[in-house]
Participant: 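Pasting a structure below so you can have a look.
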Amino acid sequence: MKKVLFLATLLVSVFCFSACSDDDGGFELGQVEGTWGLTAVSGYFYDEGEKIPYNETYNPFEPQEDDQKIVITKLEDNKYQMASHIYSNGSWRNFDIENFSVDGKKIIPEDMSQVDYTDTKFLELTSDKMVIEAKGSDEDGEFYQKLTYKRMAE
């Protein structure tokens, strides 16, 4: 479970968000700005050669220890900032701030030095729901994550 939380935290630290044309299911970059609470994360990773699947759900509206949310702000054309927060000791605490750019549906972190993810993109973006897919690999093998967020009040 620690590796799942580590991977979720790592993914949050490499987010950026993208815009898509009108024929791509209604993805609009303006919808991505705001506060998003993590409601579900699923996927798999490898540990000592064994594939470990996981599927976790969360309720950021009634947060418990280690629940997560992100706050997205547009900095300039095609550049965004994401502040990652974790619920700890009864309050939301910021633990990371990253800048990102966009290319179609692809999420491109500004600093690639500590990124294991080779492909991160939107699967869905509406006014109240955001789903992001991330694929990559590390020393143990490939991994996959699907993160689902729900818009929260600012």
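Treat the numbers as computed from the prediction; the structure is a model and nothing was measured. Basis for what follows: all heavy atoms, side chains included, without hydrogens, waters or symmetry-related copies. Index from 1, following the sequence.
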Participant: Output the distance between atom OG (S101) and atom CD (E110), rounded to the nearest 0.5 Å.
Facilitator: 8.0 Å
Participant: Measuring only between side-chain heavy atoms, which start at C-beta, is K150 closer than 4.5 Å to D128?
Facilitator: yes
Participant: Start with the C-alpha gap between F45 and D140, add the side-chain angles, then the distance that decides, and say whether side-chain contact (heavy atoms from CB on, under 4.5 Å) holds.
Facilitator: CA-CA 8 Å; F45 62 93; D140 292 318; over 6 Å; no
Participant: Apply side chain to side chain contact (heavy atoms under 4.5 Å, CB included) to D77 and list each qualifying residue two or more places apart in sequence or on a separate chain.
Facilitator: none
Participant: Kindly say whether T148 contributes a backbone atom to a donor-acceptor pair with the side chain of T39 at under 3.5 angstrom?
Facilitator: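 Side chain of T39 to backbone of T148, a donor-acceptor pair under 3.5 Å: yes, one is there.
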Participant: Ignoring hydrogens, what is the shortest heavy-atom contact between R93 and S88? Give both atom names and the distance.
Facilitator: NE-O, 3.2 Å
Participant: Kindly check if the number of other-residue, nucleotide or ligand heavy atoms within 6.0 Å of CD (E48) is above 12?
Facilitator: no
Participant: Rounded to the nearest 0.5 Å, how far does CG of D47 lie from CG of D138?
Facilitator: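 Here the rounded value is 9.5 Å.
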Participant: Looking only at heavy atoms, what is the nearest atom pair of I107 and P109, with distance?
Facilitator: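 Answer, listing the atom of I107 first, then P109: O-CD, 3.7 Å.
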Participant: Atom CE of M130 and atom CZ of R151: how far apart are they, to the nearest 0.5 Å?
Facilitator: 8.0 Å
Participant: If you round to the nearest 0.5 Å, how far is CD1 of I86 from OG of S91?
Facilitator: 11.5 Å
Participant: Any idea which heavy atoms bring V32 and I72 closest together, and the distance?
Facilitator: O-CB, 3.4 Å
Participant: Among the clusters formed by ILVMFWY side chains lying less than 4.5 Å apart, do W92 and L147 turn up in the same one?
Facilitator: no
Participant: Applying side chain to side chain contact (heavy atoms under 4.5 Å, CB included), name anything that partners K51, two or more places apart in sequence or on another chain.
Facilitator: Y44, Y46
Participant: Tell me, with the steps shown, if Y80 and T73 meet side-chain contact (heavy atoms from CB on, under 4.5 Å).
Facilitator: CA-CA 6 Å; Y80 298 84; T73 308; over 6 Å; no
Participant: Begin from the C-alpha positions of F122 and I132 and carry the test side-chain contact (heavy atoms from CB on, under 4.5 Å) through to its verdict.
Facilitator: CA-CA 5 Å; F122 276 113; I132 296 172; 4.2 Å; yes
Participant: Can you tell me how far apart OH (Y144) and CG (D119) are? Round to the nearest 0.5 Å.
Facilitator: 10.0 Å
Participant: Could you tell me which residues satisfy side chain to side chain contact (heavy atoms under 4.5 Å, CB included) with N59, sequence neighbours excluded, listed by chain and number?
Facilitator: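 Once residues adjacent in sequence are excluded, the partners of N59 under the side chain to side chain contact (heavy atoms under 4.5 Å, CB included) criterion are F61, E62.
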Participant: Sequence neighbours excluded, which residues qualify as salt bridge (charged side-chain N to carboxylate O under 4.0 Å, His left out) partners of K129?
Facilitator: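 Expected list: E124.
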Participant: Quick one: closest heavy-atom pair of Y58 and E56, and the distance?
Facilitator: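 In this case the closest contact between Y58 and E56 is OH-CB, 3.4 Å.
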Participant: Taking E133 as the fixed residue, which of K146, K106, K121 is the one that meets the salt bridge (charged side-chain N to carboxylate O under 4.0 Å, His left out) rule?
Facilitator: K121
Participant: Nearest 0.5 Å, please: how far is CG in N89 from CD in E65?
Facilitator: 5.5 Å
Participant: Give the intermediate values and the outcome of side-chain contact (heavy atoms from CB on, under 4.5 Å) for residues I70 and H85.
Facilitator: CA-CA 6 Å; I70 56 177; H85 298 79; 6.0 Å; no
Participant: Tell me every residue that passes side chain to side chain contact (heavy atoms under 4.5 Å, CB included) with T35, counting only those two or more places apart in sequence or in another chain.
Facilitator: K69, V71, M152, E154
Participant: Applying a strict under-4.5 Å side-chain criterion to I, L, V, M, F, W and Y, I'd like to know whether I52 and F143 cluster together.
Facilitator: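 Hydrophobic grouping puts I52 with F143.
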Participant: Between N94 (side chain) and D96 (backbone), is there a donor-acceptor pair under 3.5 Å?
Facilitator: yes
Participant: Which heavy atom of Q31 sits nearest to which heavy atom of W36, and what is that distance?
Facilitator: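 Reported closest heavy-atom pair: O-CZ2, 3.3 Å.
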